[in-house]
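Inspection log for the structure reproduced underneath, given as C-alpha cells.
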Amino acid sequence: MLDLKFVRENPDVIRENIRNRHVSGDVDAVISLYDQRSAAIQAVESLRNERNRNAQAMKGSLPQEERTRLIEEGKSLKEQIAAAEATLTSVEQELQRRAEELPNLTHPDTPSGAQESDNRELEQVGSVPVFSFTPRDHVAIAEELDLVDFENAGRVSGTKFYYLRNEAVYLELALIRFAMDILQNHGFTPMITPDIARTEVLQGIGFNPRGPESNIYNIEDEGTSLVGTAEITLGGYYQNQTIPAEELPIRMGGLSHCFRREAGSAGQFSRGLYRVHQFTKVEMFVVCLPEQSEQIHRELLEIEKEIFSSLEIPFRVLDICSGDLGGPAFRKYDLEAWMPGRGTAGEWGEITSTSNCTDFQSRRLNIRYSGTGADGKKERGYAHLLNGTAVAVSRAIIAILENFQQADGSVLIPPALQGYTGFERIPAKRDAGKAKTG
RNA sequence: GGAGAGGUGACCGAGUGGCCGAAGGUGAACGCUUGGAAAGCGUUUGUACCCUAACCGGGUACCGGGGGUUCGAAUCCCCCCCUCUCCGCCA
C-alpha cells in the first residue's frame, strides 16, 4: 500500500503512475476518502475529549443534582461517540479498499509499456545450444527417461500435478542444495518455511486470496492459504516488528513448496512442468533500509545470474516494463532461460524474477526500522522489502533437460551440479520397469 | 484434544472501577561528583494517529486480541489467541 499522505499531496504523480502502468485506480476517490477520514477522526476525538472531561468532573463527591446532570450528559456523549465511530469505521474500510487498488510507484528507468514486448532486454548470457538432431521438449525427454509422471499424478491429485521419479528426484534435491549453498555464501540465512500462511500476511505481500481471479488455494474454515511462494512467509517473518537499523540488511534464503491454482491457463506454453499447481522453490528475501534497496536489487539479480551461469544455461535478462510489474513492484528484472523444446524452434521462458517492492509491502505488514540519523535524532520508517527467485526447481529442470539433451537420448548434468547429484548423466532409455497406466 | 496457571512499558514487577500512560526496580541517556572509574546525587527515558509550518505545543488511542457492561474500564463480563505445568495423542 502507498503512503496515503504522499498520495494526498501528490495526486498528479499517482495519476500519471496509474496511467503509465495501465491499471485502474481512483486517486480522487482515495483523496476524498482520506479527507473524510481525517474529519471523522477529528469528530470522534473531540467527542472522546468531552467524555474524558465529563468523567474527570465526576471524580469527587458532588451534589446529587450536579451528578445526575453529568451522568445525563455522559450518556448523550456515549451515543454520539458510537455514531461517530461507526462513520469513521465505514470510511476507513472504504479508504483501505480503494487505496489498495493503487500500485506502487515506478522506478524512473523502468521501460514504459503495456505488453511483454515492451520489456527491455538488458543482456544475454551464454549461447543458445546448436543440436545435430531435432531437440525434444522436456515432456518427451522426461517420459522416455522415466523422470516425470503426469498421468498417475492426474489420477491421484489432478491435472498439472506430477511425480518426479528416479534421477529427477536427485536433480531437484541437487538444485535446492546448490542454490542454498550459493545463497549462504552471499550471507543469506538458510530457512525452510511453512507452506501455509494467514490471509493477512498474503494480503500484506500483495496477494488477494479471495478474489475471483485468485491464484491461491485457500484452506477451508481456517483463514489460511497454501503459499504461492516463500516470499509470503519470509515477508511475514518480520511482520509487526521494528528492526534496529544496524541489523539491516537482513538476507533470507527460503525453501518452500509453491501452490498455484493457475485457473484457465492452458496451451502449449503451459505444457509439462512449465506451469504446474505445485513446485519447489528457493527464494531470496531481503529486508533493508530505503537507501540500500536499489543496490540490493542489483545484488539479487547478480546472484540469479551467477546461479544460471554456473549451471551453463543460456539466459537473457529483462527489465520488466511498467504495465507488467504487478502491484507491489517498484522495479522488476526477469531471467528467461533458453528452452529448446519450447515453441517450434525454442523459446525463452521465465525462470526467475526479482522485485524491489520498496515500502509497499512493509507498510501493510508493519515492518519498520529504527536508527539514529546523522543529526543524532531518532529515525524510523518502513523498511524496504525485496524478493528474488534463486531456483524455481520445476523450470530449472525444464532448462536442464532441454539444453543438456544428447543425441543418444541421455541428458548430461551441468558440471556445477554433478557434485550435488552424484551422477554426471541421466542415461538413455533403460528397461527399468515403469508402472504404465491406462 | 482435556485440566490448571498466567499474559502490564526495553526488561522485572505493582496495580480489582475515577487520584493510572500506568508505582517501584533494572537497564539506557545526559549532567553533577572524581586524577580516572565505581558508587552516589539529579534529570530524562514508549508507540501510532489527528490538529499544527514544526520530531514546539495540544488532543486521541494503546496494560495479549476482539466485543460488552458503565457517566467513566488495565481493573467487571463474554469470546478468541498465546505462554507455562500436568495428562492424552503423534513423526
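Chain letters run A, B, ... following the sequence lines, proteins first and then strands; every chain starts at 1. Keep in mind that the numbers below use all heavy atoms, side chains included, and drop hydrogens, waters and symmetry copies.
Look at CD on A/Glu85: it is 14 Å from P on B/U60, rounded to the nearest Å. What separates CZ of A/Arg48 from C1' of B/G21 is a distance of 16 Å, to the nearest Å. One interatomic measurement links the two molecules: CD of A/Gln42 to C1' of B/A61, which rounds to 15 Å at whole-angstrom precision. At whole-Å resolution of the value, CG in A/Leu77 and C1' in B/U60 are 15 Å apart. Separating the CG atom of A/Asn52 from the C1' atom of B/C62 is a distance of 14 Å, rounded to the nearest angstrom. When rounded to the nearest whole Å, the span between CG of A/Asp35 and C1' of B/C51 equals 14 Å. In this structure, A/Gln241 places its CD atom 13 Å from P of B/A10, rounding to the nearest Å. Note: CG (A/Asn240) to P (B/C81) measures 19 Å, nearest angstrom.
Taking a pair to require two hydrogen-bonding distances under 3.5 Å in either a Watson-Crick or a G-U wobble arrangement, B/C49 pairs with B/G59. Of the nucleotides present, B/G4 is the one that pairs with B/C84 by Watson-Crick or G-U wobble criteria, both distances under 3.5 Å. Nucleotide B/U70 forms no Watson-Crick or G-U wobble pair with any nucleotide shown, as no partner meets the under 3.5 Å limit on both distances. B/A37 makes up no base pair with any nucleotide shown, lacking Watson-Crick or G-U wobble contacts both under 3.5 Å. Both distances falling under 3.5 Å, in either a Watson-Crick or a G-U wobble arrangement, place B/U44 opposite B/A28. Pair assignment for B/G9 gives none, since no Watson-Crick or G-U wobble pairing has each distance under 3.5 Å.
Looking at A/Asp319 and A/Lys332, no side-chain N of the basic residue comes within less than 4.0 Å of a carboxylate O on the acidic one, giving no salt bridge. Salt bridge status for A/Asp146 with A/Arg165: present, with a side-chain N to carboxylate O gap under 4.0 Å. Using a 4.0 Å cut-off between charged side-chain N and carboxylate O, A/Glu85 and A/Arg48 make a salt bridge.
The number of heavy atoms from other shown groups lying within 6.0 Å of OH (A/Tyr237) does not exceed 12. Counting heavy atoms of neighbouring residues, nucleotides and ligands inside a 6.0 Å radius, atom CD of A/Glu291 exceeds 12 of them.
Between A/Leu175 and the options A/Val282, A/Ile307, A/Ile400, A/Thr280, a side-chain contact (heavy atoms from CB on, under 4.5 Å) holds for only A/Ile400.
Rounded to the nearest Å, the gap between the P atom of B/G40 and that of B/A48 is 34 Å. Nucleotides B/G88 and B/A3 have their C1' atoms positioned 11 Å apart, rounded to a whole Å. Comparing the P positions of B/C79 and B/A23 gives a spacing of 32 Å, expressed to the nearest Å. One C1' atom belongs to B/G59, the other to B/G13, and the distance between them is 31 Å to the nearest Å. Using P as the reference atom, B/C30 and B/G17 are 43 Å apart when rounded to the nearest Å. Here the separation of B/U16 from B/C63, taken at their C1' atoms, is 14 Å to the nearest Å. For the P atom pair drawn from B/A61 and B/A53, the interatomic distance equals 24 Å after rounding to whole Å. Spacing of P atoms, B/A29 relative to B/C80, comes out at 46 Å, to the nearest Å.
Taking only side-chain nitrogens and oxygens, A/Tyr382 never comes nearer than 4.0 Å to OP1 or OP2 of B/A48. Of the side-chain N and O atoms in A/Ser38, one or more sit less than 4.0 angstrom from OP1 or OP2 of B/C51.
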Exercise for review: List the steps, then state whether side-chain hydrogen bond (donor to acceptor under 3.5 Å, both in side chains) holds for A/Arg51 with A/Asn54.
Suggested key: CA-CA 5 Å; A/Arg51 177 199 59 194; A/Asn54 177 271; over 6 Å; no
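Taking the nucleotide of RNA chain B with the nearest heavy atom to each of A/Tyr34 and A/Glu50, the more 5' of the two is matched to A/Tyr34.
Among the atoms of the strands shown, none is found under 4.0 Å from any heavy atom of A/Arg69.
For A/Arg380, the listed nucleotide lying nearest its side chain is B/U47; candidates were B/U47, B/C19, B/C49.
Between A/His384 and A/Phe330, the distance from one ring center to the other does not fall under 6.0 angstrom.
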Give each protein N/O atom lying under 3.5 Å from an N/O atom of nucleotides 67-72 of chain B, with the pair distance.
residue, atom, partner, partner atom, Å
B/C71, O4', A/Ile71, O, 3.4
B/C71, O2', A/Asn54, OD1, 3.4
B/G72, OP2, A/Lys78, NZ, 3.4

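Here A/Asn10 pairs with nothing under the side chain to side chain donor-acceptor pair (under 3.5 Å) rule; sequence neighbours left out.
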